[in-house]
Amino acid sequence: MSKQPLFERMALIGVGLIGSSIAHGARKHGLVKHIAATARSEATRTIVADQGIVDSVYETGPEAVAGADLIIICTPVGAFEAVAKEIGPHIAPGAIVTDVGSVKQAVIKAVAPHLADGVHLVPGHPVAGTENSGPESGFAELFEDRWCILTPPEGTDATATTKLQDFWQALGSRVEIMTPRHHDLVLAITSHVPHLIAYNIVGTAADLETVTESEVIKFSAGGFRDFTRIAASDPTMWRDVFLNNKEAVLEMLGRFNEDLSALQRAIRWDDGDALFKLFSHTREIRREIIDAGQETEAPDFGRPHGSETED
Ligand code: NAP
């Protein structure tokens with residue numbers, strides 16, 4: 001438990017996987033005195049209220065942000081501009097506005113113009129998630145030992161950035177500060193392109209006429225099912241990520257395609273040395289990820305063996 005709450009009143013705009021996890025974590029660690037929230041649908045607002053995930057639930061953004069000193073936008077990125085336009089005029093001077101969006105340059109462009117002078121915009125991205133969505137999928141430990149990247153635009157108040165850094169660290173995250181542009185490039189290769197590859201390979205397999213769908217499912221343990229977990233991620237969220245990080249994703253896809261062509265050539269010309277060299281190098285990268293505590297050593301992604309049960 002932290003000794004003193006960092007904020008008086010936190011307002012969550014959108015309470016899905018990430019928003020509800022922040023609420024649970026903030027409660028667990030005593031980080032805020034009051035959690036207010038709003039969500040687009042009546043259904044979500046009812047779940048959030050009935051399950052007591054937050055202290056007060058409002059129908060509209062302006063009601064939720066009134067008097068808040070920390071506002072976190074937790075909707076899909078495509079909704080940020082409309083949300084900022086709606087809540088901007090109702091935010092108290094001195095408040096910190098942040099978000100959890102998976103892209104950062106587009107988010108600053110969408111939100112900053114709607115905030116008054118004296119309101120501190122410190123965009124953020126917790127690099128933590130699951131393939132599940134909705135207010136019931138959140139849990140307090142989601143951010144523990146995961147990175148949270150903050151991308152304060154030039155000229156951002158340093159005290160606001162430090163306070164938000166303290167908040168994420170209290171939720172268990174490790175915090176890194178980088179420019180929005182650098183964030184978008186790094187995430188394009190570590191997260192966005194891998195998701196696109198997963199969506200694509202699952203789509204390709206589903207379209208194959210020579211292999212029946214039941215065979216794809218039956219023999220999925222051959223590697224395919226690990227892609228299906230990623231390809232089950234929320235369609236709205238990921239549509240918005242690709243539309244809002246176009247430049248970096250296309251740049252990384254260009255590099256990816258070149259490397260894929262080199263692999264194709266190596267297979268065609270029986271260049272086993274080239275294949276072996278690359279596969280050995282990629283194995284080392286996985287080892288480094290395990291050593292850095294970002295993955296466990298458990299075989300087969302920790303699945304219980306002798307059973308096909310997923311987590
Ligand atoms: P989620 O579980 O689907 O929840 C999204 C929330 O936003 C829900 O409360 C939803 O309201 C609301 N919402 C959806 N569309 C909206 C719109 N057009 N206008 C207003 N509200 C809208 O999503 P999530 O996984 O928490 O993701 C939220 C954000 O976190 C995204 O920006 C995403 O890029 C980022 N993020 C996600 C992950 C991940 O792994 N999931 C990881 C890091 C960052 P209703 O429930 O009422 O529909």
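Heavy atoms only: backbone and side chains are in, while hydrogens, waters and symmetry mates are out. Note that this is a predicted model, so its numbers are computed, not measured. Just follow the structure's listing: the first ligand is 1, and inside any ligand the first atom is 1.
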Sub-4.0 Å atoms of ligand 1 with respect to non-hydrogen atoms of [X]:
X	answer
H125	43 (C), 44 (C)
A79	17 (C), 18 (N), 19 (N)
G14	9 (O)

What do you reckon, does [X] have a nitrogen or oxygen under 3.5 Å from a nitrogen or oxygen of ligand 1?
X	value
M237	no
G134	yes
R40	yes
V83	no
T44	yes

Indicate, as side chain, backbone, both or neither, the part of [X] found under 4.0 angstrom from ligand 1 when only non-hydrogen atoms are considered.
X	result
D99	neither
E131	neither
A128	backbone

Ignoring hydrogens and angles, tell me if any N or O in the side chain of [X] forms a donor-acceptor pair with the backbone of [Y] under 3.5 Å.
X	Y	result
D184	Q105	yes
Y199	S233	yes
R174	D145	yes
S173	Q169	no
T98	V122	yes
S21	F139	yes
D99	G124	yes
T44	S41	no
N200	L196	no
K163	L6	yes

Are any non-hydrogen protein atoms located under 4.0 Å from atom 10 (C) of ligand 1?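 It does not: no protein heavy atom is found less than 4.0 Å away from atom 10 (C) of ligand 1.
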
Who gets closest to [atom] by heavy atom: [options]?
atom	options	value
atom 31 (C) of ligand 1	T75, I18, V77	T75
atom 28 (C) of ligand 1	G19, S133, C74	C74
atom 13 (N) of ligand 1	G129, P76, S191	P76

For [atom], which protein heavy atom lies nearest, and how many Å away is it?
atom	value
atom 30 (O) of ligand 1	V100 CG2, 3.3 Å
atom 43 (C) of ligand 1	P126 O, 3.2 Å
atom 4 (O) of ligand 1	G16 CA, 3.2 Å
atom 25 (O) of ligand 1	L17 CB, 3.7 Å
atom 34 (O) of ligand 1	S102 OG, 2.7 Å

Does a salt bridge link [X] with [Y], judged by any charged N lying under 4.0 Å from a carboxylate O?
X	Y	value
D273	K277	no
K33	D55	no
R45	E42	yes

contact_flag T130 ligand 1 heavy-atom lt 4.0 Å: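 Yes, T130 has a heavy atom closer than 4.0 Å to ligand 1.
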
